[in-house]
Every structure is written in C-alpha cells, then in structure tokens.
Amino acid sequence: PVNGIIVGGNVGIGTTNPQYPLDISSASTFLRFLGTQANGGDEGIGFADTFGNAVWTIGRRNTAGTFEITYNGNSITPTVRSGGMLTILQSGNVGIGTTNPLTKLDISGGSWTANGGQLRISSADSVGTALTLVNTDTGGHNWSFLSTGSSALGGAGLFSFYDQTV
C-alpha cells in the first residue's frame, strides 16, 4: 500500500510482546491525534463491528472546538458531526442531547414518562434520595428536594423540600 504497512497479527509500539491488535507501552500516557487538514478536520476514534452496526465515535469536532461522543447508527464511517449524544465545550459547558449547551449542564430531548423523564436521580438509601441546590454567594441558601425512604421520619414515599442553610 502507498504510505502504509500491512501487518498480520498484533502491533506493538514500545513493546516487543504486543498482546492486542495495537499495544502501546510508554512512560508517557499521552496519545495524540493530529489532524492535517488545512480547513480544520475532525479527530476521533470510531468503534464499530465489521457490519457497521451501532457505530460510536469519540472525538474532537475541529470547526466547533468541541469534544463529542456520538452515536452514528449503522453508518460504518465514524463521524463527530452526526449530533452529539454528549458534548463538552471549551467553556466547560456539558450537553446531553445537544451540541450547543448553554449552561454548565444542559439536557435536551426525551419526554416525561411515568418511568423517568429527562433527568433521573436514583438511590436505595433508606433515608431517601435528594437533590440539593447550593448558592455559595454571601447570603446564599442550600435547598434540598427529598423523596423519603423507609427509615425517614414520617415514613417512605413523602416528598419535601427545605432550606438546610446552616
């Protein structure tokens, strides 16, 4: 092949006894993917079987400056341009179901159902399961939303919210 090699078996970089199709051993744990397209190509790793089923890609979308995990369905070609399942912007904003998260955590899509909704917090704790909102500014408060468990005061199955600011 032009500019390439064909290897039958495992390939080792920094090791003489590779145990996997690509086995890299180094004092540095950094692996670098460097795109060479002048107009900003994407860099990523695609995961698929030989039939192109359930293709997932982890990579950097160069033109948007984002890191994305995407599901590409049955397309054998990995891409980070099919709509991010998980997107991390340079600002630190994280999006689930959106490629343009506007807040630190932005969840988009899905619908409310009796079994969940867009966000689910689950626990087997006998006291209960809680979501706490904390404002760390001077005078800010800590509000908790609680679904009680079997050993909670008042019993299981209650919903309460309260200010737990000390």
Side-chain angles (χ1 to χ4, degrees), residues 1-136 144-145 147 149:
V2 177
N3 295 325
I5 59 171
I6 296 176
V7 176
N10 296 341
V11 174
I13 299 174
T15 179
T16 57
N17 187 23
Q19 302 297 307
Y20 302 96
L22 177 59
D23 200 340
I24 302 172
S25 178
S26 172
S28 169
T29 58
F30 187 76
L31 183 61
R32 180 176 168 181
F33 293 90
L34 182 62
T36 59
Q37 290 183 352
N39 294 328
D42 300 331
E43 299 85 26
I45 301 172
F47 301 89
D49 63 20
T50 57
F51 304 105
N53 297 314
V55 179
W56 286 87
T57 303
I58 299 172
R60 179 177 175 270
R61 187 170 171 181
N62 198 2
T63 55
T66 61
F67 180 82
E68 297 181 5
I69 298 174
T70 58
Y71 174 71
N72 303 324
N74 293 330
S75 169
I76 192 66
T77 305
T79 178
V80 291
R81 296 186 178 269
S82 63
M85 301 291 285
L86 176 78
T87 300
I88 303 172
L89 298 182
Q90 292 173 349
S91 66
N93 290 358
V94 176
I96 300 174
T98 177
T99 58
N100 188 27
L102 301 176
T103 58
K104 288 299 175 190
L105 178 61
D106 192 340
I107 301 172
S108 179
S111 61
W112 182 87
T113 66
N115 295 324
Q118 289 85 357
L119 176 64
R120 181 173 185 226
I121 300 172
S122 175
S123 164
D125 187 273
S126 64
V127 174
T129 302
L131 171 67
T132 302
L133 306 175
V134 178
N135 184 316
T136 59
S144 288
F145 300 84
S147 172

Q | Set of residues satisfying side chain to side chain contact (heavy atoms under 4.5 Å, CB included) with respect to L131, sequence neighbours excluded | A |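 Partners of L131 under the side chain to side chain contact (heavy atoms under 4.5 Å, CB included) test: I121.
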*With sequence neighbours excluded, tell me which residues meet side chain to side chain contact (heavy atoms under 4.5 Å, CB included) with S25.*
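S25 satisfies side chain to side chain contact (heavy atoms under 4.5 Å, CB included) with T15 only.
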Where do [X] and [Y] come nearest, in terms of heavy atoms and distance?
{"X": "G128", "Y": "S123", "answer": "O-OG, 4.2 Å"}
{"X": "D125", "Y": "V127", "answer": "OD1-N, 2.8 Å"}
{"X": "T132", "Y": "S144", "answer": "OG1-OG, 2.9 Å"}
{"X": "I96", "Y": "L86", "answer": "CG1-CD1, 3.9 Å"}
{"X": "L133", "Y": "F145", "answer": "CD1-CE1, 3.6 Å"}

- Query: Between N93 and L102, is any pair of side-chain heavy atoms under 4.5 Å apart?
  - Reply: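 With C-beta onward as the side chain, the pair stays apart.
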Please report the interatomic distance CD1(I88) to CD1(I69), rounded to the nearest 0.5 Å.
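Result: 6.5 Å between the selected atoms.
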Donor-acceptor contact present, side-chain D23 to main-chain Q19, <3.5 Å: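 Answer holds: yes.
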